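No experiment lies behind these values; they were computed from the predicted model shown.
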Amino acid sequence: MPTFFAFLDIFTTFARCMGILYIVPTPVGNMEDMTLRAIRILKEVDLVLAEDTRTSGVLLKHFDIRNQLLSHHKFNEHGTSAGIVNRLLAGQNVALISDAGTPGISDPGFFLVREAVKAGVEVQTLPGATAFVPALVSSGLPCDRFAFEGFLPQKKGRQTKIRSLATEERTMIFYESPYRLVKTLEQFAEAYGDDRQVSVCREISKVHEESVRGTLAEVVAHFKAHEPKGEIVIVLAGKGSGGHPVKHED
C-alpha cells in the first residue's frame with residue numbers, strides 16, 4: 001500500500017505539471033507604464049486571454065509580442081473558463097489581460113481566478129497599472145483607508161447604493177462614464193451635501209490627464225461648463241473625514 005509520503009510525492013509531481021495562470025496588468029494610458037516582467041510573461045505563455053482581441057492586438061504588436069490571443073470577456077467567461085482551466089491542468093501557462101489596467105478590477109477576471117484556485121492551479125498576479133490608485137493618491141483626500149466601489153448600478157439599485165454609503169467614513173472611489181459624471185456628482189450632492197469634498201480625475205496617464213478638486217457643488221459647476229471626456233475616476237471624501245483638497249486643476 002502506498003505510504004502517505006508516496007501520495008505526497010505523486011501530488012507534488014502532478015502540481016509541478018500544471019500550468020500557471022498569470023494576471024497581467026496593461027497600461028491605462030501611457031504605453032511606457034507596461035512593465036518588463038509583463039512583456040516577458042506575455043511572450044512566454046502558451047496563450048493570452050484578452051477582453052477585446054482587437055485592442056490587445058495593438059498592445060502586443062507595439063511590444064513585438066507574437067502570441068495566440070483568445071477572447072475572454074464578461075459575456076463569455078462562464079462558458080470559456082472551464083476549458084481554460086483544463087488547459088492549465090494539462091500544463092499550459094495562460095496570461096489574462098483586459099483592455100486596460102488590472103484584470104478583475106471592474107473588468108473580467110474574478111470568475112476565472114476563482115475557478116483556477118478551486119482546481120488547485122497556481123495564480124500569479126503581476127503588480128502594475130490600475131486607474132484608481134493614482135487618482136486616490138493625487139486627490140489630496142485621506143488614502144490610508146478607502147472603499148473601492150467601482151461602477152454604480154446604472155438604474156435599478158443605484159439610489160439605494162448611494163444612500164447606503166451616507167455613513168461611510170472612508171474615502172470612496174468610483175468609476176464613471178463621462179456621460180453620467182455630472183448626474184452622478186449631483187446625486188452625491190443631494191445625498192451627502194454640496195460641501196462634501198471630491199476629486200475627479202480623468203484620462204489617467206494620458207496626454208490630457210486632469211484632476212478637478214473641490215466641493216461637489218464646485219466640481220459639478222466645472223463639468224457643466226467643461227464637457228467631461230475620457231475615462232473617469234471619482235474620489236469622494238468620507239463622512240467627517242476632514243479631507244479638504246486644494247481647489248486646483250491640473
Side-chain angles (χ1 to χ4, degrees), residues 19-85 87-88 92-117 121-136 148-154 173-180 201-206 209 229-235:
I20 298 173
L21 174 61
Y22 294 97
I23 309 302
V24 181
T26 55
V28 297
N30 195 320
M31 286 290 195
E32 293 180 357
D33 293 337
M34 190 75 168
T35 68
L36 295 174
R37 183 183 175 202
I39 294 171
R40 176 179 62 80
I41 292 296
L42 292 178
K43 287 183 177 181
E44 292 179 353
V45 293
D46 298 290
L47 176 68
V48 177
L49 306 175
E51 185 178 4
D52 186 325
T53 55
R54 294 165 299 180
T55 300
S56 296
V58 174
L59 175 78
L60 267 59
K61 183 177 180 180
H62 181 84
F63 291 106
D64 194 28
I65 298 169
R66 303 172 187 180
N67 210 331
Q68 180 185 358
L69 275 174
L70 180 67
S71 179
H72 183 82
H73 48 72
K74 65 179 180 180
F75 300 109
N76 74 357
E77 61 180 342
H78 286 73
T80 59
S81 291
I84 294 164
V85 169
R87 288 187 182 221
L88 290 160
Q92 291 191 11
N93 293 319
V94 177
L96 173 66
I97 59 177
S98 62
D99 289 348
T102 300
I105 305 297
S106 292
D107 278 324
F110 161 72
F111 185 80
L112 177 59
V113 169
R114 185 183 69 181
E115 296 305 297
V117 169
V121 173
E122 181 180 354
V123 178
Q124 291 187 16
T125 301
L126 278 61
T130 186
F132 80 83
V133 173
L136 171 64
F148 175 73
E149 295 294 335
F151 287 98
L152 288 167
Q154 291 188 27
I173 304 164
F174 304 87
Y175 287 163
E176 191 52 281
S177 158
Y179 309 108
R180 292 190 298 269
C201 190
R202 66 179 195 87
E203 294 291 81
I204 291 172
S205 192
K206 297 180 182 177
E209 180 174 341
K229 296 180 181 179
E231 303 294 326
I232 302 288
V233 183
I234 302 171
V235 184

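Looking at Ser81 and His72, their side chains come closer than 4.5 Å, going by heavy atoms from C-beta outward. Side-chain atoms of Lys43 and Phe63, non-hydrogen and from C-beta on, never get closer than 4.5 Å to each other. Inter-residue side-chain proximity for Pro127 and Arg37 is flagged as met; some heavy-atom pair is nearer than 4.5 Å.
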**Asked** Can Asn67 and Leu42 be said to form a side chain to side chain contact (heavy atoms under 4.5 Å, CB included), step by step?
**Response** CA-CA 8 Å; Asn67 210 331; Leu42 292 178; 5.9 Å; no
**Message:** Between Arg87 and Asp46, is the side chain to side chain contact (heavy atoms under 4.5 Å, CB included) condition met? List the steps.
**Reply:** CA-CA 10 Å; Arg87 288 187 182 221; Asp46 298 290; over 6 Å; no
**Message:** Pair Phe110, Glu77 - check side chain to side chain contact (heavy atoms under 4.5 Å, CB included), show working.
**Reply:** CA-CA 10 Å; Phe110 161 72; Glu77 61 180 342; over 6 Å; no
**Trace of the side chain to side chain contact (heavy atoms under 4.5 Å, CB included) decision for Leu112 with Val94** = CA-CA 11 Å; Leu112 177 59; Val94 177; 5.7 Å; no
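Across all their heavy atoms, Leu60 and Ile97 have their closest contact at CD1-CD1, 4.3 Å. In plain terms, the two heavy atoms of Glu176 and Phe151 that are nearest each other are N-CE2, 3.8 Å. For the pair Ala129 and Thr102, the tightest heavy-atom approach, listed with the atom from each and the gap, is O-OG1, 2.8 Å. Smallest separation of non-hydrogen atoms from Ala38 and Pro25: CB-O, 4.3 Å. Scanning all heavy atoms of the two residues, the minimum distance from His62 to Met31 falls at NE2-CB, 3.8 Å. A pairwise comparison of heavy atoms in Gly19 and Val121 identifies O-CG1, 3.7 Å as the closest pair.
In this structure a side-chain-to-backbone donor-acceptor pair under 3.5 Å is present from Thr26 to Ser98. Remark: the backbone N or O of Asp99 is not paired with any side-chain donor or acceptor of Asp107 at under 3.5 angstrom.
Annotation: the span from Leu69 atom CG to Arg54 atom CZ amounts to 12.5 Å, rounded to 0.5 Å. Atoms OG and CG, from Ser71 and Asn76 in turn, are 5.0 Å apart once rounded to the nearest 0.5 Å. With values rounded to the nearest 0.5 angstrom, Ile232 atom CD1 is found 8.5 Å from Cys201 atom SG. Of the inter-residue distances, the one linking Leu59 atom CG with Asp52 atom CG reads 12.0 Å to the nearest 0.5 angstrom. Interatomic distance, Phe174 CZ to Arg180 CZ, rounded to the nearest 0.5 Å: 13.5 Å. Atoms CD and CG, from Glu209 and Asn30 in turn, are 10.0 Å apart once rounded to the nearest 0.5 Å.
In this structure Ser205 satisfies the side-chain hydrogen bond (donor to acceptor under 3.5 Å, both in side chains) test together with Asp33, sequence neighbours excluded. Residues satisfying the side-chain contact (heavy atoms from CB on, under 4.5 Å) criterion with Val123, sequence neighbours excluded, are Leu21, Ile23, Val113, Ala116, Val117, Thr125. The side-chain contact (heavy atoms from CB on, under 4.5 Å) check on Phe148 picks up Ile105, Ser106, Phe132, Ile173, Tyr175, with sequence neighbours excluded.
Counting non-hydrogen atoms of other residues, nucleotides and ligands closer than 6.0 Å to NZ of Lys74 gives a total of 12 or fewer.
Partner of Ile65 under the side chain to side chain contact (heavy atoms under 4.5 Å, CB included) criterion, out of Val48, Ile41, Ile39: Ile39 alone.
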